[in-house]
Amino acid sequence: MIMSETIPTDSPIRDLSVVRHEGSSLIVCADRWGGVWTWSPSTGEWSGHSLPYAHAGDPIVAQFPDAANVIDMVAALSVDGRLLLAAGGDEQEPALWDLGSGELLWRTPLNGAYLADVIALDGRFVTAQQYSEEVRLWSPDGTDTLLDEVGQLSCLGTAQVGSRRLILAGGSGAHVWDAASLTELGSFYPYEGRVWAVTACALAERTAIVAVTEKGELYAWALDAEPDEPLYGPVSASGGALETVAVMTVDGRPLVVTPTQDSLRLWDATDGTEVGHVNAHGHGITTMEPAIVDGRCVLVTSGGDGVLRIWNESDLAPPAL
């Protein structure tokens, strides 16, 4: 495992995004105070980024000269030598900055359609916006496409399953689109509670949609099966709400990873049985992202202790329960 020093603001990390930029991996983070930082796994260095307020020129905020960004969610892309950041938060609409120069490139209107989540996807960004309940796909130049409106929209995900890239959104259910054609492939609904994190993986001949809920339950559905018939679930994965989930291939088999306060619980993705756990005492993990870092498939985690951790496959090999 590779670990960072604590983020310089000594605060929890609210969100993270892994990006390959200028030949090296970087992890972009949002801290508790709305600040944006990058950490380099190769050098171990943290760098802070001062970003102009996205709505500074809006007449509505002219009476608030001290207004500042409130960034809770981040997604980063490397485009034509520039490191771009799409970001916003529970009280801020999405906008795009050039992290290298600090320039604000574009913003969405000051209309209360705050950001629920944002992800990077094949040179573009996907946003989920509260209140408007819209899932939109954005090019770096600011042009956008509306995918759909999703009730109680709360989260986004993406997964590569075979030759197909998927876009996923969670809210009242789990919704799936083909990223190439932008066609909707299906919607799946838990028995109770909202979907708070969603991903997907390959299981033999099937594509499994994997989600966790505000009730702390784990579900899986087969993409091409009847939407009301889960592969398994609900599995009680936590005593409280689950805000993040990941699927990692460990020793040749896909495992669903869910956090608790003191561990990462590991579940067989085929049937939802718990196969083990790894110690994460004191980490307070609230955000996870499977990624390729310096050529390795890893899981990047962070949360309450303000430390980034890069888990290799061997770190996630489950010991016996």
Side-chain angles (χ1 to χ4, degrees), residues 12 14-16 116-117 152 154-159 161 166 168-176 187-203 206-223 225 227-251 253-290 299-305 309 311 313 315-321:
R14 300 289 302 273
D15 196 18
L16 65 88
D117 204 358
Q152 298 180 316
S154 61
C155 63
L156 293 169
T158 183
V161 181
L166 302 178
L168 305 107
S172 57
H175 308 268
V176 189
S187 297
F188 308 88
Y189 295 89
Y191 296 138
E192 60 176 336
R194 289 177 297 167
V195 171
W196 275 12
V198 61
T199 186
C201 67
L203 296 180
R206 299 175 295 185
T207 296
I209 308 304
V210 179
V212 292
T213 72
E214 63 182 327
K215 301 291 186 179
E217 294 177 329
L218 168 66
Y219 286 82
W221 299 271
L223 181 58
D228 293 333
E229 296 298 327
L231 288 170
Y232 53 82
V235 175
S236 181
S238 173
L242 282 168
E243 299 180 2
T244 186
V245 66
V247 176
M248 295 292 294
T249 299
V250 179
D251 294 333
R253 63 173 173 168
L255 298 181
V256 179
V257 185
T258 62
T260 71
Q261 185 62 32
D262 296 317
S263 69
L264 290 175
R265 299 179 74 177
L266 307 171
W267 312 84
D268 190 319
T270 61
D271 59 14
T273 58
E274 188 170 10
V275 297
H277 65 273
V278 293
N279 180 52
H281 180 72
H283 299 185
I285 294 172
T286 57
T287 182
M288 305 189 296
E289 182 176 320
L299 180 67
V300 183
T301 68
S302 196
D305 67 355
R309 291 175 174 85
W311 305 71
E313 178 180 320
D315 299 319
L316 295 170
L321 285 170

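Below, each value reflects all heavy atoms present in this structure, side chains not excepted, and no hydrogens, waters or symmetry copies. Keep in mind the model is a prediction, meaning the values are calculated, not measured.
Side-chain contact between Val195 and Pro190: present, with at least one pair of heavy atoms (C-beta onward) separated by less than 4.5 Å. Looking at Val278 and Asp315, their side chains never come closer than 4.5 Å, going by heavy atoms from C-beta outward. With a 4.5 Å cut-off on side-chain heavy atoms, Asn279 and Ser263 do not count as touching. Counting heavy atoms from C-beta on, the side chains of Val257 and Leu266 come closer than 4.5 Å.
Interatomic distance, CD of Gln261 versus OG1 of Thr286, reported as 10.0 Å (0.5 Å rounding). How far CD of Gln152 is from CH2 of Trp196: 11.0 Å, rounded to the nearest 0.5 Å. How far CG of Asp117 is from CG of Asp15: 6.5 Å, rounded to the nearest 0.5 Å. Here Thr260 contributes atom OG1 and His281 contributes atom NE2; the two are 10.5 Å apart, rounded to the nearest 0.5 Å.
Counting all heavy atoms, side chain and backbone alike, Ser172 lies closest to His175 at OG-NE2, 4.4 Å. Counting all heavy atoms, side chain and backbone alike, Ala202 lies closest to Pro254 at O-CG, 4.2 Å. Of all non-hydrogen atoms in Leu231 and Ala222, the two that sit nearest each other are CG-N, 3.6 Å. The two residues Leu156 and Ala169 make their nearest non-hydrogen contact at CD2-CB, 3.9 Å. The two residues Leu168 and Ala159 come nearest to each other via the heavy atoms CD1-N, 4.1 Å. The nearest pair of heavy atoms linking Glu289 to Leu16 is OE1-O, 3.3 Å.
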Open item on the list: For Leu223 and Phe188: C-alpha separation, side-chain torsions, deciding distance, then whether side-chain contact (heavy atoms from CB on, under 4.5 Å) applies.
Closed with: CA-CA 9 Å; Leu223 181 58; Phe188 308 88; 3.9 Å; yes
Task: Step-by-step side-chain contact (heavy atoms from CB on, under 4.5 Å) determination, Arg309 to Ile285 - done: CA-CA 10 Å; Arg309 291 175 174 85; Ile285 294 172; 6.0 Å; no
- [ ] Check the pair His277, Trp267 against side-chain contact (heavy atoms from CB on, under 4.5 Å), reporting the backbone distance first and the verdict last.
- [x] CA-CA 9 Å; His277 65 273; Trp267 312 84; over 6 Å; no
TODO: Start with the C-alpha distance between Thr207 and Val176, add both sets of side-chain angles, then the distance that settles side-chain contact (heavy atoms from CB on, under 4.5 Å), and finish with yes or no.
DONE: CA-CA 11 Å; Thr207 296; Val176 189; over 6 Å; no
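Formation of a donor-acceptor pair under 3.5 Å by the Thr287 side chain with backbone atoms of Thr244 is not found in this model. A side-chain donor-acceptor contact under 3.5 Å links Glu214 to the backbone of Arg194. Checked by atom type and distance alone, the side chain of Glu313 pairs as donor or acceptor with a backbone atom of Asp251 at under 3.5 Å. A distance-only check finds a donor-acceptor pair linking the side chain of Tyr219 to the backbone of Tyr191 [under 3.5 Å].
Residues satisfying the salt bridge (charged side-chain N to carboxylate O under 4.0 Å, His left out) test with Glu217, not counting sequence neighbours, are none.
Taking the six-membered ring where the residue is Trp, His283 and Trp311 present tilted rings, their angle falling between 30° and 60°.
Among residues at least two apart or in separate chains, salt bridge (charged side-chain N to carboxylate O under 4.0 Å, His left out) pairs with a member in residues 259-270 are Arg253-Asp268, Arg265-Glu274.
Each of Val275, Thr249, Leu316 was checked for a side chain to side chain contact (heavy atoms under 4.5 Å, CB included) with Leu255, and the lone residue meeting it is Val275.
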